[in-house]
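Presented below is the structure to which this report refers.
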There are 2 protein chains.
Amino acid sequence: MDSNNPKQLNPNVSVDCVIFGFSFDKLKVLLIEREGDFVDMAARLALPGDLIFNHEDLHMAANRVLEELTGLKDIYLKQIGAFGEPNRISKKTDQDWLRSIRADPGARVITIAYYSLVNVKDLNPSPSSFAKAVNWYPVDEIQDLAFDHYRILTEAVKQLRSELQQRPIGFNLMGEYFTISQLQKMYEAILNKPLDKRNFRRKIKKLDILSATDLKEKNVVNKPARFYKFNEAIYNALIENGFDNFGF
Amino acid sequence: MDSNNPKQLNPNVSVDCVIFGFSFDKLKVLLIEREGDFVDMAARLALPGDLIFNHEDLHMAANRVLEELTGLKDIYLKQIGAFGEPNRISKKTDQDWLRSIRADPGARVITIAYYSLVNVKDLNPSPSSFAKAVNWYPVDEIQDLAFDHYRILTEAVKQLRSELQQRPIGFNLMGEYFTISQLQKMYEAILNKPLDKRNFRRKIKKLDILSATDLKEKNVVNKPARFYKFNEAIYNALIENGFDNFGF
DNA sequence: CCAAAAGTGTTGAAGTTACACCCATGC
DNA sequence: GCATGGGTGTAACTTCAACACTTTTGG
């Protein structure tokens, strides 16, 4: 039986990944464009995901989807929750598409959603077996997605926002070197509100998880900004003790 | 096939409920005691749960388990997340027990965990088909449970604690009438730290979700405390707008 | 020298913490 | 009258929000 054989895909449980990135001052999400004829663009786009194997745990499955798509390992990954109305695969185009890739397209599937944070420069998303194309899309321009993926995305953004105000997880979206202004723009994009420059710098610096470098911007038409690095040692210590307050 | 027939239990997905109550100044959890021979008490106790039907959504399934066990409907219910290491059913006694109640005891099962908050006086937990006995246990005295239920409980407590500091959900644990001291003891039990009486009262009253009544304690050996009621209308308005800060 | 973004302190308001005494009741 | 828990205010401290000008660079 399917659900006993460890090497088999389990027909009832999938993982979906909301992969966030930050570029051009906007929060982006990595979506796959599916093969086939679609009337509206929204139904064409979906979160990357797959059924789980019986032998792998949920985190492993999410990591597998992530690695297949992005080539990245060991990146920030957090479970959002389980989604699974019985009728989540009600759109006809979704049914057609499933028939084309799954052995048992009519099965009841519940999906465990994860979100992850990556630095867009670390990856070159490449088409996978499921996807015609893979691209970054600005979160604030997305109106709808396949299946119940829009709802999952909405929930992911909500949790990201909340988490960002508890812990400085946003560094996972930045490159190795960054300016404080870039950092601020990331916070503003995710929280969707402007922040005061002086208050922002004070708050970030008080956390003491930045290391100043001697590097500065070059070829800018204004006063060049200093580059900082993220101090992982202090960050980990903070995680242990818990950040009590960290609100913007 | 199982996973297509809407009236069938889905062999791969279950829900488990962490049902919290508050009595004798302690946070309690409702656990079932399983039939059978168990060496250690811990393995004997488990969270109530069941496989889901293919036709029901996850929330419905959790509500069904809850209602079967407690007779209560429409109570506070929140998803904790999905749990599902492939080896979560590794303890031998757990395997034996599953064989006794499930058609497909070897199947890979992932479980969606929920926690809920009830007033212990509203219910008379009664043995169900799965359980020899159902009882309240103090959370802080539990060392281990069947399957991975101890881990689920730990996560539930963590989320409850966090949520309680964001929103005044604790009222779901209280009866219709309560004194402010009782309320404070509930907060102290969940947060596991003493709170200042005057500061507590100030903070709660500022929320403006209490209605004072004319009732007072009777037959107490000290100054009788006033009973309050929970003002649901104002509470709902607050939920809409979001509580910004509500930390103890 | 002009345009553009970097970088830097202070002040008033609000919120949080710590703390001690009188009150009403049953026995 | 005494033991018990109910109920109340204030002062020091910390945190947060609002706000404007000087600096450095490229063109």
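Below, read A as the first sequence line, B as the second, and so on, with proteins coming before strands; counting in each chain starts at 1. When reading the values below, keep in mind they use all heavy atoms of this one structure, side chains included, and skip hydrogens, waters and symmetry mates.
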(request) Determine, using ring centers only, whether B:Phe178 and B:Phe171 are less than 6.0 Å apart. (result)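 Between B:Phe178 and B:Phe171, which both carry aromatic rings, the centre distance is below 6.0 Å.
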(message) On the six-membered ring of A:Phe147, is A:Arg34 placed so that its NZ or CZ lies under 6.0 angstrom from the centre and within 45° of the ring axis?
(response)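 Yes, A:Arg34 lies over the aromatic ring of A:Phe147.
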(message) Across nucleotides 22-27 of chain C, 5' to 3', mark each nucleotide with B, S or - according to how protein heavy atoms within less than 4.0 Å reach it.
(response) -BBBS-
Rounded to the nearest angstrom, tell me the gap between atom [atom1] in [X] and atom [atom2] in [N].
| X | N | atom1 | atom2 | answer |
| --- | --- | --- | --- | --- |
| A:Phe227 | C:dG7 | CZ | C1' | 16 Å |
| A:Arg226 | D:dT24 | CZ | P | 12 Å |
| A:Lys197 | D:dT22 | NZ | P | 14 Å |
| A:Ile204 | C:dT8 | CD1 | P | 15 Å |

Nearest to side-chain heavy atoms of [X], which nucleotide of [options]:
| X | options | answer |
| --- | --- | --- |
| A:Arg202 | D:dG7, C:dA18, C:dT10 | C:dT10 |
| B:Asn199 | C:dT17, D:dC19, C:dG7 | C:dT17 |
| A:Asp196 | D:dA18, D:dG7, C:dA6 | D:dA18 |
| A:Lys205 | D:dA17, D:dG9, C:dT8 | C:dT8 |

(request) First locate atom NE2 of B:His149, then atom OG1 of B:Thr111, and finally report the distance between them rounded to the nearest 0.5 Å. (result)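 Separation between the atoms: 6.0 Å.
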(request) Would you classify A:Ser181 as touching base, sugar-phosphate or nothing, given that sugar-phosphate means primed atoms plus P, OP1 and OP2, and contacts are heavy atoms under 4.0 Å? (result)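 The answer is sugar-phosphate, as A:Ser181 gets under 4.0 Å only of primed atoms, P, OP1 or OP2.
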(message) Would you say that A:Ile180 contacts A:Leu210 through its side chain, given a criterion of any heavy-atom pair below 4.5 Å between the two side chains?
(response)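 When only atoms from C-beta onward are counted, A:Leu210 and A:Ile180 do touch, with a gap below 4.5 Å.
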(message) What verdict does the salt bridge (Lys or Arg N to Asp or Glu O under 4.0 Å) test give for A:Glu163 and A:Arg167, after you've listed the backbone C-alpha separation in whole Å, the side-chain angles of each residue and the deciding distance to 0.1 Å?
(response) CA-CA 6 Å; A:Glu163 190 74 9; A:Arg167 300 154 178 268; 3.7 Å; yes
(request) Using only heavy-atom distances, decide whether a donor-acceptor pair under 3.5 angstrom links the side-chain of A:Arg198 to the base of C:dA6. (result)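 Side chain to base: no pair below 3.5 Å.
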(message) Would you say A:Arg201 places a side-chain N or O within less than 4.0 Å of OP1 or OP2 belonging to C:dG7?
(response)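 Checking A:Arg201 against C:dG7: at least one side-chain N or O falls below 4.0 Å of OP1 or OP2.
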(request) Give a yes-or-no answer on whether the side chains of A:Lys229 and A:Thr213 include a donor-acceptor pair shorter than 3.5 Å. (result)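 The answer is no; no qualifying pair exists.
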